[in-house]
Amino acid sequence: MECPPCAGTKCYDNVQPLFHVFVWLGQCVPTHTVFAFWNLNRQPLEALVARLARERDVHVLMLAESTIPPGVLLDHLNDGYSSLFTLHGPSSSIVQLYSRFPTTSVRSYRDGGHVGIRRLVTPVGQDIALAAAHLPSKLHRSPEAQGLYCANIVRAIEAAETSYGHTRTIFCGDFNMNPFEFGVVGATGFHAVMSRTIADRGSRTVDKKVRKFFYNPMWSLFGDNLTGPPGTYYYGSGDETDTYWHMFDQVLIRPSLLSGFAASDLSIVTTIGGRTLLTRNGLPNKRIASDHLPITFALTH
Amino acid sequence: MEENLWGEIDLEPFSTTPLDIIRKQAHQLGKITNNIVLGSIETLRSAPKFRFAFNLVAPALEGYTYNLFWIEQGLDPYPVEITIENERSSIYHEESTFKVALQQELSSPRTHNLIRSLVNQSKAVTPGHDSPSMLDAITSDPSTAALEQVNVSDGDRNRIAVDVLEAVKRAFRVSAGQVILRMYPETWNRLIPNVSGAFFQLSSEAQASITYRCNRRQDPDYIGIALFEIAGDYDC
């Protein structure tokens, strides 16, 4: 059948049965999936979230600290939109997940331990595991407790990977840790490295245990030498060591998905609908939005 | 005879450690739900500070696991701390108070609703419906889901429309969310001529607050899916 010309989509005549729906409805099948993650800081930001989803053509939307009733958010997300968002998994999940994929395309695997894990069966390409976490603030937890959370989350992710029979995993969220901290980069933590080349090795053996790598592209967004802000969250602790800006909101990608990931598709969002999310000093403006900035990234199938 | 400075050590296990207690309750859950939803204890951390998670597991839903709470104790069984993620944690110094708190959590509406939802959704994906024209309405949120089955084998399309609406209302016990209606082939085949038209204009009162879309897919058990997304307050 003929598909109307639209960017980033293809028409498939022989898609898997599950996705006949796309052909039957005469819609285009997206060849890339756009993800967005945002910690809303318990603010009623439904209009901004909907605008972000529309503006960036988001397929999968993940929200932490969202107190917006799902119905209210869906109302905004789906207002005048032909491809409807649905909520997947419990609304009580640590990170709420909305997507424009059919309900059957997102299957819940686990909720709890500060992480929700889903299996995302995209319309084309192979299925992926999608883990989204929101770890407690370091203000309320010891470094030891933080490390324990990380180890348990990794164990849950690896259990999901074993269950799914692959390691095509995306892991994102508000980790309340920077990419250079032990829980994120340590072998017993998320084991997320800054270099694709190193991540492509797949794993390394530490203390006789094989530890799989994640690639952490957020390293590329640190500092001033880019057009975006130096991080996703600003907090001056006044401690002896104070980085002020923090990259708490991150996406980690397993090496097996890296061929479909372009660094240029990763961004820290600072404007939505022409409206800045920053103060005049360039800090996240929590009076009009959240104290965290959203991140978006894409995966090509 | 060798000198014994140890005294007599009682090596009998503690009669009821917190772990024993939650293990028994995990076992109970399987009995209560005919093993549709299982209780499972997961060791998150071992000595010197133990942490055990109490999980609900739904084998029919690809083993979906929901962490209800976790307990934490030292080498001694008490004090023990119960933590509900992102909500609260409390410390108990003896078995009796621990059991009271555990009972409160296990018998809470939140927990019961979760179990009910998981049971209903598990049933929905398990073959064995007795009517080929049965229609299921489930919400996709396991924490609030309910399953309603409506026999739509009789009646014209208007009658069926009313049945569908009633199923949606009963399944939908929260103020907003989604309801999936799943139809068996016979039902779908009867409805298909109307699907692209006004069939799902369920009623004037519902129309304003229910958006819907109907998708057809190939499935050995279900041939049609109608997804209702209820956005905004809907008083059922």
Side-chain angles (χ1 to χ4, degrees), chain A residues 16-25 27 65 68-79 81-94 96 102-104 106-119 134 136 144-145 148-149 151-152 155-156 159-160 163-164, chain B residues 42-45 49 51 53-58 61-70 84-87 110 113-114 117-118 121 125 138-145 174-178 180 182 196 209 211-220 222 225 227-234:
Chain A
Q16 296 169 44
L18 181 63
F19 304 113
H20 280 175
V21 52
F22 286 87
V23 177
W24 186 66
L25 292 177
Q27 293 180 354
E65 288 195 30
I68 307 167
V72 172
L73 184 58
L74 285 168
D75 214 7
H76 282 77
L77 286 170
N78 295 334
D79 186 22
Y81 218 25
S82 61
S83 187
L84 295 175
F85 275 92
T86 54
L87 170 68
H88 301 276
S91 55
S92 58
S93 182
I94 193 84
Q96 289 182 357
T103 308
T104 48
V106 184
R107 299 167 197 169
S108 297
Y109 176 81
R110 183 189 180 97
D111 279 292
H114 302 283
V115 67
I117 303 176
R118 312 279 178 256
R119 184 181 197 176
H134 181 204
E144 184 215 8
L148 178 66
Y149 288 133
N152 286 331
R155 198 166 58 168
S163 169
Y164 298 156
Chain B
E42 183 182 11
T43 303
L44 298 177
R45 182 162 65 180
K49 202 164 187 183
R51 182 182 286 183
F54 190 108
N55 295 330
L56 304 177
V57 180
L61 301 176
E62 298 183 352
Y64 172 69
T65 302
Y66 189 97
N67 176 225
L68 205 53
F69 61 85
W70 66 75
I84 299 162
E85 190 168 286
N86 280 353
E87 287 191 22
R110 165 186 175 260
N113 200 22
L114 273 165
S117 305
L118 292 173
Q121 295 219 32
V125 299
I138 59 173
T139 67
S140 66
D141 178 349
S143 68
T144 56
V174 292
S175 63
Q178 305 155 16
I180 305 161
R182 303 205 280 197
S196 58
S209 52
T211 58
Y212 61 87
R213 61 181 177 186
C214 304
N215 300 335
R216 186 183 187 185
R217 68 170 177 140
Q218 304 298 318
D219 188 298
Y222 296 98
I225 286 184
L227 173 63
F228 288 72
E229 306 191 56
I230 302 188
D233 291 334
Y234 185 70

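Below, read A as the first sequence line, B as the second, and so on, with proteins coming before strands; counting in each chain starts at 1. Quick note: numbers below take in every heavy atom, side chains included, and nothing from hydrogens, waters or symmetry partners.
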Open item on the list: Just verifying a value: how many Å separate Leu44(B) CG and Tyr149(A) OH, rounded to the nearest 0.5 Å?
Closed with: 10.0 Å
Open item on the list: Taking the basic N atoms (NZ, or NE/NH1/NH2) and the acidic carboxylate oxygens, is any pair closer than 4.0 Å for Arg110(A) and Glu62(B)?
Closed with: no
Open item on the list: Rounded at 0.5 Å granularity, tell me how far CG in Leu148(A) sits from CZ in Arg51(B).
Closed with: 5.0 Å
- [ ] Could you tell me the separation between the CG atom of Asp111(A) and the CG atom of Asn67(B), rounded to the nearest 0.5 Å?
- [x] 9.5 Å
